[in-house]
Each structure stands twice: as C-alpha cells, then as structure tokens.
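Throughout, a chain's letter reflects where its sequence line sits, starting with A, and its residues are numbered from 1. Note that this is a predicted model, so its numbers are computed, not measured.
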2 protein chains.
Amino acid sequence: MPFKSIQPDRRRLADEVYDELIEAIINRDIGLEDILVQEKLASEMKISRTPVREALMRLAQEGVLEVSNRGSFKLYRMGDGEVKELYQSRAAVEGQCARILAVRHTAEDISILRRTVEREENLTDQTVRTYFEANRNIHRTFVELAQNRFLLDMFNMIWGKAQVFPLFAKIEQIDLSQSLGDHMRLVDVIERGDRIEALETFTNHIQDGFDLQMQGIHAS
Amino acid sequence: MPFKSIQPDRRRLADEVYDELIEAIINRDIGLEDILVQEKLASEMKISRTPVREALMRLAQEGVLEVSNRGSFKLYRMGDGEVKELYQSRAAVEGQCARILAVRHTAEDISILRRTVEREENLTDQTVRTYFEANRNIHRTFVELAQNRFLLDMFNMIWGKAQVFPLFAKIEQIDLSQSLGDHMRLVDVIERGDRIEALETFTNHIQDGFDLQMQGIHAS
DNA sequence: CATTTGAATACTGTATACAGTATACATTAA
DNA sequence: TTAATGTATACTGTATACAGTATTCAAATG
C-alpha cells in the first residue's frame with residue numbers, strides 16, 4: 001500500500017493566525033504603536049480568541065512580540081544595541097556551522113553551496129525583501145548542511161526576529177549587491193578546510209552585514 | 001511614597017504548570033513512555049485544561065516535549081547524535097561569549113568570574129543534580145557577562161533541554177570533579193584577551209564535557 | 001478463525017461563557 | 001477648577017461546553 005498520510009501535520013487555526021500575523025508585520029499592517037487585542041484580531045479573522053491567543057504567545061516567546069500592558073502584546077522594538085547583539089548571535093551560530101563544515105564537508109556540499117549562491121544572487125527585482133530573502137536562503141544553506149538541528153532552530157529564531165526589523169532600510173540608500181556578491185568567498189574558505197579561518201571569515205562577513213544594516217538605518 | 005508594585009509580573013497558572021512539569025521531568029515522575037494528556041494533568045492539578053495546554057505547548061516549542069500522536073505530547077527522546085549536536089550548539093554560544101569577553105572585559109568581570117567559580121566548585125553534596133547546577137551556574141555567569149540577551153536566551157534553551165537529559169548518568173560511574181576543576185583556566189584565558197585562543201579553549205572544554213557525558217551514558 | 005465493519009471511547013481543537021482587574025471616565029465634593 | 005471617588009468599560013485569564021476525529025474493541029460475516 002503506497003499511500004501516505006494525507007495531512008502530514010494537521011494544520012491548526014493557530015498556525016494560520018501565526019502566519020497571517022507575520023505577514024502583517026512584514027507588510028507594515030501592524031505598526032510599532034499597535035496593541036494587539038485578542039478579541040479584535042479574533043473577530044476580524046472570524047474565529048475565536050483561543051487560536052489567536054496561542055499564536056500571539058508563540059510570537060512573544062520567539063521574541064517578535066513583547067508584553068505590553070496587563071498581558072497584551074505589541075511589536076518588540078529593537079534598539080541599536082540589540083541589533084548589534086543579534087548580529088553577534090548570528091556570528092555565533094553561523095560561525096560554528098562554518099567551522100563544522102570546514103572540518104567535514106563533501107564535494108556534494110560544496111557544489112550545493114555554489115549552486116545556491118549562484119541562483120540566489122541572481123535577484124529578480126531589487127526590493128529590500130528579495131534581497132533579504134536571497135541572503136537568508138544562502139546563509140540557511142550553510143546551516144542546513146552543517147546538520148545540527150539546534151543550530152538550525154537558532155538560525156530560524158534569529159532570522160525570524162530579523163525579518164520584522166530590516167525593512168526600515170531603504171533600497172535606494174545602500175548598495176545591497178555589495179553584501180550579496182561576497183558569498184562565493186565563503187564557500188571557498190570552507191572548501192579550504194581551515195576551521196579557524198572559516199569561522200573568522202564568516203564572522204567578518206556578518207560584521208560587514210551589520211555595518212551595512214546600520215548605514216541603512218541611520219540614513220533613513 | 002516608597003511602595004513598590006505588589007505583583008511585579010502577574011504570575012499565571014500556566015507558569016505554575018510549566019514549573020511543575022519541569023520539576024516532574026527532572027524527578028523522573030514523568031518517564032519517556034508517558035503520554036501527557038491534558039485532561040489528566042488538569043484534573044490532577046485541579047485546574048482547567050487551558051493553562052495546562054499552554055504550558056505543554058511552551059515546553060514543546062522549547063523542544064523539551066514533542067508531539068506524540070494527534071497533538072498529544074511526550075518527552076523528547078534524545079539520541080547520541082543529538083547530544084553531540086547539543087554540545088556543538090553550546091560551543092557556538094559559549095565560545096562566542098568567550099570571544100566577546102576576551103575582547104572587552106573589565107577587572108570587575110574577572111573578579112566576578114573568579115568568585116563564582118570558587119563558590120560553585122565547592123559542592124555541598126555529590127549528586128548529579130548539584131554537579132549539573134554548579135556547572136550551569138558557572139557557565140551562565142560567562143554568558144551573562146557577555147551581555148547579549150539572544151545568546152543568553154539560547155543558553156537557557158540549550159540547558160533547558162539538557163536538564164531533562166543528563167540525569168541518566170550515575171554519579172558513581174564518572175568523576176565529575178574532573179570537569180569542574182577546569183573552570184579557573186577559562187577565566188585565565190579570557191583575562192589574557194586573545195579572542196581566538198579563548199574561543200578554542202571554551203570549545204575544547206565543552207568537548208571534554210561531551211566526552212564525559214558519553215562515558216556516563218554508556219556506562220549505564 | 002480471520003477479517004471487516006460499526007459503535008463506543010478518548011482526546012484534541014475551537015468556541016464561548018465567566019470572573020477578575022486595570023483603565024478611563026464621569027460625578028461629586030472641596 | 002481640581003482632586004477624589006465611584007462606576008462603567010475593556011481586556012485578559014480561566015473554565016467549560018461542543019465538535020470532530022483517531023483509536024480501540026466488539027460484533028458480525030465470510
């Protein structure tokens with residue numbers, strides 16, 4: 001019997017709400033001053049408060065939202081200091097992945113990386129969002145190949161927070177291609193196999209991304 | 001008016017449930033085969049399913065529990081491979097903190113670290129749990145001093161998972177003091193200020209902890 | 001006796017009802 | 001007019017009710 005489960009993971013309403021909220025945040029439908037009221041969201045989506053509440057709490061646990069007043073939620077506002085901390089934590093996670101990959105990588109790994117970089121650096125349009133996603137996809141490929149689910153979880157958490165943030169930057173004001181063009185060098189350093197050099201190179205690359213980010217913020 | 005807020009952070013039932021479940025897991029009241037049924041837990045604790053459900057989902061999101069069958073939860077069972085991954089992620093987080101501290105630490109930081117190591121290495125009793133907690137407190141001090149809330153979050157997540165796991169090891173079978181005695185060297189390397197040496201030393205220290213852990217597991 | 005079918009059970013997901021509390025607003029007293 | 005106090009409102013946290021579905025077990029059928 002070759003049939004497989006129809007619903008691999010039963011999708012609950014809370015998941016839908018979660019996705020919709022993320023989408024709304026990215027699209028700036030939810031702003032920094034908005035207070036997310038369970039009843040309002042529920043009635044807008046024509047469902048009950050329960051799944052809304054669940055989604056809100058998940059987002060809060062992930063650090064996308066924070067508790068406002070008496071248990072209400074609002075967008076988490078990152079300051080410059082925290083952006084720096086976020087990039088430091090990126091360096092921790094992705095640097096370690098680079099280290100792992102430098103020590104044990106297959107020829108197949110390298111070829112996957114090369115192909116991914118080539119594909120993703122070929123942007124269809126020049127919006128901040130496509131740039132963000134291309135960049136994320138490239139970096140995620142490194143992490144996935146390192147085959148460590150905890151590091152991957154951390155990666156997703158960091159980039160989940162990041163995604164609600166960087167859209168402040170305006171595409172006209174910074175040269176995004178500057179950062180994108182750099183990725184093939186990262187593959188090279190992994191292929192070379194020196195774990196310390198790999199970690200340093202990744203750390204520097206991420207530091208550059210941070211500088212670019214800060215330029216973008218302070219220009220606007 | 002010298003009065004301070006009575007309830008600094010309103011504590012909800014879900015928080016209590018969360019703590020009770022963690023406690024129960026550590027005490028082995030909840031085993032690997034047990035299926036956590038919302039109604040049963042709720043009636044045992046004489047509360048409704050809602051806060052129980054909330055606590056369960058939080059634990060699942062943190063990776064302590066996993067979805068069993070049709071949304072039920074059970075303990076997440078770690079295999080040897082995952083333990084290794086967990087230690088790799090520890091090295092990522094704590095190695096980066098060491099790096100940060102190596103670059104910018106104050107004399108005060110060093111003295112705090114020295115005092116913490118001295119205090120915590122002085123175990124009151126020789127159980128796996130006290131060893132575990134002393135070790136965690138020492139390592140957490142490094143992370144706290146690095147002043148990066150994301151790295152601290154990751155640290156807590158990793159050690160939260162760890163705490164449901166390592167108690168398999170039996171105190172008689174491994175020499176725990178072997179690992180504990182090593183911490184003062186970590187402070188030294190940070191004081192020396194070489195960020196690459198600091199990271200490498202931490203990574204090696206954590207690797208040693210992993211080896212010790214594996215010994216403990218396979219002896220039992 | 002083995003296999004299928006149907007009904008009871010068990011449990012989750014969602015909706016709703018209820019209680020408690022903080023906030024805002026109005027009303028009253030100085 | 002301002003400060004204090006009472007009251008209505010708004011919103012969360014918790015309980016409960018209800019619906020749907022997977023699982024189990026028993027009965028029926030070959």
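Judged as a side chain to side chain donor-acceptor pair (under 3.5 Å), the pairs with a partner in residues 150-159 of chain B (not counting sequence neighbours) are, in order, B/Glu94-B/Trp159. Among residues at least two apart or in separate chains, ring pair (Phe, Tyr, Trp, His ring centres under 6.0 Å) pairs with a member in residues 87-127 of chain A are A/Tyr87-A/Phe210. Residue pairs meeting the salt bridge (Lys or Arg N to Asp or Glu O under 4.0 Å) criterion with at least one member in residues 47-63 of chain B, sequence neighbours excluded, are A/Arg53-B/Glu54, A/Glu54-B/Arg53, B/Arg12-B/Glu54, B/Asp15-B/Arg58.
Rounded to whole Å, atom C1' of C/dT16 lies 15 Å from atom CG of A/Leu13. Distance A/Ile47 CD1 to D/dA19 C1': 16 Å, rounded to the nearest Å. Nucleotide D/dG13 holds its P atom 14 Å from the CD atom of A/Glu54, rounded to whole Å.
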Please tabulate, for the side chains in residues 96-103 of chain B, all donor-acceptor contacts under 3.5 angstrom to protein atoms that are two or more places apart in sequence or on a different chain.
unit_1  : atom_1 : unit_2   : atom_2 : d
B/Gln96 : NE2    : A/Gln88  : O      : 2.7
B/Arg99 : NH1    : A/Glu200 : OE2    : 2.6

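For A/Glu85, the side chain to side chain donor-acceptor pair (under 3.5 Å) partners at least two apart in sequence or on another chain are B/Arg149.
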Collect all protein-nucleotide pairs involving nucleotides 8-12 of chain D in which both atoms are nitrogen or oxygen and the distance is under 3.5 Å.
unit_1 : atom_1 : unit_2  : atom_2 : d
D/dC11 : O2     : A/Arg70 : NH2    : 3.2
D/dT12 : OP1    : A/Gln38 : N      : 3.3

